[in-house]
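Below is one structure, written out as structure tokens; the observations come after it.
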Amino acid sequence: MDNSPQPAGSPKPRAVVLLSGGLDSATTLAMAQRDGFACYALSFDYGQRHTQELAAAQRVAHAHAAAEHRVLTIDPQALAGSALTEPLPDQPAQPVPKHRSADDMDAGIPVTYVPARNTLFLAYALAWAEGLGARDVYLGVNAVDYSGYPDCRPEFISAFQDMAALATRDGVEGRPVRIHAPLIRLTKVQIIEQGLALGVDYAQTHSCYDPADDGPCTTCDACLLRIRAFAELGQTDPALAARQPTG
């Protein structure tokens with residue numbers, strides 16, 4: 001990508017940034033802005049149990065002065081079958097796994113996987129980008145410190161990039177939208193370091209899969225990955241400051 005400075009007075013190029021409100025997506029938004037883009041943030045209400053992430057996405061988009069922030073609604077039944085969403089009528093609810101070790105997280109695809117979530121999200125982002133005249137889409141998937149999701153791997157991003165070139169007018173005419181996954185090969189520690197250097201306030205973010213009214217649960221996969229990474233940096237996860245003391 002050409003990162004040369006824009007001529008004085010010229011508008012910034014546009015990019016669509018998938019923004020969940022979590023640590024990774026907040027860092028990705030900051031990276032897209034660093035790369036010189038006017039960022040159009042896109043979040044989704046898909047019936048997720050941890051709806052606090054949408055409030056976090058709004059906070060992050062505002063803090064980073066996104067050019068626009070949209071929240072699209074997807075029928076919850078389309079993304080059922082995960083511990084993070086409401087179950088189908090004939091299925092029991094699945095509990096969110098807790099207290100898992102790094103080896104446990106590497107053991108297979110967990111029940112917190114949401115069926116084809118990133119495929120759907122990227123498809124919406126691709127459509128909005130083409131309508132905006134944006135040639136770049138950013139998302140914060142990561143294939144190092146993650147919970148084994150198949151739609152967070154480099155192979156998936158590469159395949160979607162190929163599809164985008166085939167399925168859109170801009171792609172067929174030789175101007176395909178570029179899919180950026182700047183965190184894909186970074187550790188959680190490296191992600192946090194880059195975000196801090198870019199001014200990300202991680203206290204505004206929300207990653208917990210099973211939050212309580214007083215803040216993150218601290219024991220789900222998402223919480224543990226954050227807590228361990230901040231601890232490696234000699235810090236406490238800023239999101240824990242939101243927790244209120246209990247009885």
Side-chain angles (χ1 to χ4, degrees), residues 1 13-46 48 50 53-54 56-58 60-61 64 66-72 74 79 82 84 112-132 134-165 167-168 170-171 176-188 190-192 194-195 198 200 202 205-207 222 225-226:
M1 183 181 71
R14 296 174 172 181
V16 173
V17 181
L18 291 176
L19 184 65
S20 71
L23 181 152
D24 293 340
S25 69
T27 307
T28 300
L29 174 60
M31 287 178 162
Q33 291 180 315
R34 173 203 62 193
D35 292 343
F37 289 102
C39 294
Y40 290 74
L42 184 59
S43 306
F44 295 90
D45 182 348
Y46 57 92
Q48 61 269 52
H50 50 295
E53 71 176 27
L54 293 176
Q58 185 176 20
V60 171
H64 288 270
E68 186 175 344
H69 178 216
R70 290 190 178 184
V71 179
L72 300 185
I74 298 176
L79 290 172
S82 166
L84 302 188
T112 51
Y113 163 70
V114 179
R117 178 172 59 182
N118 284 339
T119 303
L120 286 173
F121 289 1
L122 274 173
Y124 277 105
L126 178 63
W128 194 23
E130 192 168 31
L132 284 170
R135 292 186 56 199
D136 298 86
V137 169
Y138 280 72
L139 77 163
V141 294
N142 174 259
V144 180
D145 290 335
Y146 78 126
S147 293
Y149 301 143
D151 54 359
C152 289
R153 297 174 300 153
E155 297 92 334
F156 167 71
I157 300 301
S158 177
F160 196 96
Q161 178 72 76
D162 291 342
M163 185 279 296
T168 60
D170 284 349
V177 168
R178 295 165 291 204
I179 310 298
H180 301 261
L183 313 184
I184 195 113
R185 299 189 187 280
L186 300 183
T187 66
K188 194 68 74 179
Q190 290 171 327
I191 292 168
I192 293 170
Q194 293 213 20
L198 293 170
V200 176
Y202 288 116
T205 65
H206 174 89
S207 303
L225 287 170
R226 285 182 60 135

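When a residue number appears, it is its place in the shown sequence, counting from 1. Keep in mind the model is a prediction, meaning the values are calculated, not measured.
Of the possible polar contacts, one joining the Gln190 side chain to the Thr187 backbone as a donor-acceptor pair under 3.5 Å is found. When atom types are taken as modelled, the side chain of Ser82 and the backbone of Tyr113 share a donor-acceptor pair closer than 3.5 angstrom. Between the side chain of Gln161 and the backbone N or O of Ile179 there is at least one donor-acceptor pair closer than 3.5 Å. Of the possible polar contacts, one joining the Asn142 side chain to the Leu183 backbone as a donor-acceptor pair under 3.5 Å is found. Between the side chain of Arg153 and the backbone N or O of Pro150 there is at least one donor-acceptor pair closer than 3.5 Å.
Looking at Tyr149 and Asn118, their side chains never bring a donor and an acceptor atom within 3.5 Å of each other. Of the N and O atoms on the side chains of Thr205 and Arg226, at least one donor lies less than 3.5 Å from an acceptor on the other residue.
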Check: Between His64 and Val200, does a side-chain contact (heavy atoms from CB on, under 4.5 Å) hold up when you go through it step by step?
Finding: CA-CA 8 Å; His64 288 270; Val200 176; 4.1 Å; yes

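Between the CG atom of Leu72 and the CG atom of Leu120 there is a distance of 11.5 Å, given to the nearest 0.5 Å. We find the CD-CD1 distance between Gln48 and Ile74 to be 9.0 Å, quoted to the nearest 0.5 Å. Distance check: Ser43 OG to Gln58 CD gives 9.0 Å after rounding to the nearest 0.5 Å. How far CG of Leu186 is from CD1 of Ile192: 11.5 Å, rounded to the nearest 0.5 Å. Cys152 contributes atom SG, which lies 8.0 Å from atom CD1 of Ile157 (distance to the nearest 0.5 angstrom). Summarising the geometry, atom CD1 belonging to Ile184 is positioned 10.0 Å from atom CD1 belonging to Ile191; distances are rounded to the nearest 0.5 Å.
Within a 6.0 Å radius of CZ in Arg34, other residues, nucleotides and ligands contribute more than 12 heavy atoms.
In this structure, the side chains of Val137 and His180 stay at 4.5 Å or more apart for every pair of heavy atoms. Counting only heavy atoms from C-beta outward, the side chains of Asp151 and Phe160 never approach each other to under 4.5 Å. Within the 4.5 Å cutoff, side-chain heavy atoms of Leu84 are placed close to those of Arg117. Counting heavy atoms from C-beta on, the side chains of Arg70 and Trp128 come closer than 4.5 Å. Side-chain atoms of Tyr40 and Val17, non-hydrogen and from C-beta on, never get closer than 4.5 Å to each other. Val71 places a side-chain heavy atom less than 4.5 Å from the side chain of Leu54.
When every heavy atom of Glu130 is checked against every heavy atom of Asp170, the shortest pair comes out as OE2-N, 2.9 Å. The shortest heavy-atom contact between Ala181 and Val141 is CB-CG2, 3.9 Å. Of all heavy-atom pairs between Leu132 and Arg14, the closest is O-NH1, 3.1 Å.
Here Phe121 pairs with Phe44, Tyr46 under the ring pair (Phe, Tyr, Trp, His ring centres under 6.0 Å) rule; sequence neighbours left out.
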Ignoring hydrogens and angles, write down the donor-acceptor pairs under 3.5 Å from the side chains of residues 18-29, residues two or more places apart or on other chains.
unit_1: Ser20; atom_1: OG; unit_2: Gly22; atom_2: N; d: 3.1
unit_1: Ser20; atom_1: OG; unit_2: Ser25; atom_2: OG; d: 3.2
unit_1: Asp24; atom_1: OD1; unit_2: Lys188; atom_2: NZ; d: 3.1
unit_1: Asp24; atom_1: OD2; unit_2: Lys188; atom_2: NZ; d: 3.0
unit_1: Ser25; atom_1: OG; unit_2: Ser20; atom_2: N; d: 3.1
unit_1: Ser25; atom_1: OG; unit_2: Gly21; atom_2: N; d: 3.2
unit_1: Ser25; atom_1: OG; unit_2: Gly22; atom_2: N; d: 3.4
unit_1: Ser25; atom_1: OG; unit_2: Gly22; atom_2: O; d: 3.4
unit_1: Thr27; atom_1: OG1; unit_2: Leu23; atom_2: O; d: 2.9
unit_1: Thr27; atom_1: OG1; unit_2: Tyr202; atom_2: OH; d: 2.7
unit_1: Thr28; atom_1: OG1; unit_2: Asp24; atom_2: O; d: 2.9

